[in-house]
Amino acid sequence: GQNIDQPTEMTATEGAIVQINCTYQTSGFNGLFWYQQHAGEAPTFLSYNVLDGLEEKGRFSSFLSRSKGYSYLLLKELQMKDSASYLCAVRGPSGGSYIPTFGRGTSLIVHP
Amino acid sequence: DTEVTQTPKHLVMGMTNKKSLKCEQHMGHRAMYWYKQKAKKPPELMFVYSYEKLSINESVPSRFSPECPNSSLLNLHLHALQPEDSALYLCASSQGGPSNTEAFFGQGTRLTVV
């Protein structure tokens, strides 16, 4: 199975940079995802890492270190609309398939 | 088309009712999922269908019954639910198989059991 840990809540200022960390333990690893979820809405896909290193996509970047079981999501030039829950999901083996399991999510509050 | 469509968006049902949640995707994905999400909690996996076959059932009570009529459709049949089953039910799909990539989520069905 998987054990995924991320902070419960973070706050940041509009225009700033914030880094949301995720650590995981898994019996098999087949990729790590970051999703954004606004209250009452479905998760939307942000990024995918399967190899070590940094993936950059506009204001969002995600980093992975498989040896350390560690990832972070970096959000730059924060906007008020970035206030949401950020879910780290690790895909590992389950019953012959590879299934993403979600961490508890980090609630990010962006204030003016 | 990168959409996963779920109907209905909202559902209120009594504990003796029978209802069904529906999910549809036309991305050619061969893996489809049902997740349950309570407020301020992450999505919890319920069922996975891979190539129209049920591959994972995460010890879900039998009052939830999934069905995959074809590669584009996924249903969740509900019967004799309890108030604690009230939650957001999310459907997702992904490519499936060795090249499995990210899962795309539908907007969810907000279920209230009274």
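Chain letters run A, B, ... following the sequence lines, proteins first and then strands; every chain starts at 1.
- Neither the backbone nor the side chain of Gln6(B) comes within less than 4.5 Å of any heavy atom in chain A.
- The salt bridge (charged side-chain N to carboxylate O under 4.0 Å, His left out) contacts involving residues 40-55 of chain A comprise Asp52(A)-Arg66(A), where partners must be two or more places apart or lie in separate chains.
- Around CD of Glu77(A), the count of heavy atoms belonging to other residues, nucleotides or ligands within 6.0 Å does not exceed 12.
- Atom NE2 of His111(A) has more than 12 heavy atoms from other residues, nucleotides or ligands within 6.0 Å.
- Cluster membership check: Phe105(B) does not share its hydrophobic cluster with Trp34(A), using side-chain heavy-atom separations under 4.5 Å among Ile, Leu, Val, Met, Phe, Trp and Tyr.
- The neighbour count for Glu44(B) CD, taken as heavy atoms of other residues, nucleotides or ligands under 6.0 Å away, does not exceed 12.
- Taking the six-membered ring where the residue is Trp, Phe104(B) and Phe45(A) present tilted rings, their angle falling between 30° and 60°.
- Residue Gln107(B) comes nearest to Ala42(A) through the heavy atom pair CA-CB, 3.8 Å, listed as atom of the first residue, atom of the second, then distance.
- The CD atom of Glu102(B) sits 11.0 Å away from the CG atom of Leu46(A) when rounded to the nearest 0.5 Å.
- In this structure, Pro100(A) and Tyr33(B) have side chains that are in contact, with non-hydrogen atoms separated by less than 4.5 Å.
- Between Pro42(B) and Arg104(A) the shortest heavy-atom distance is CG-CA, 3.6 Å.
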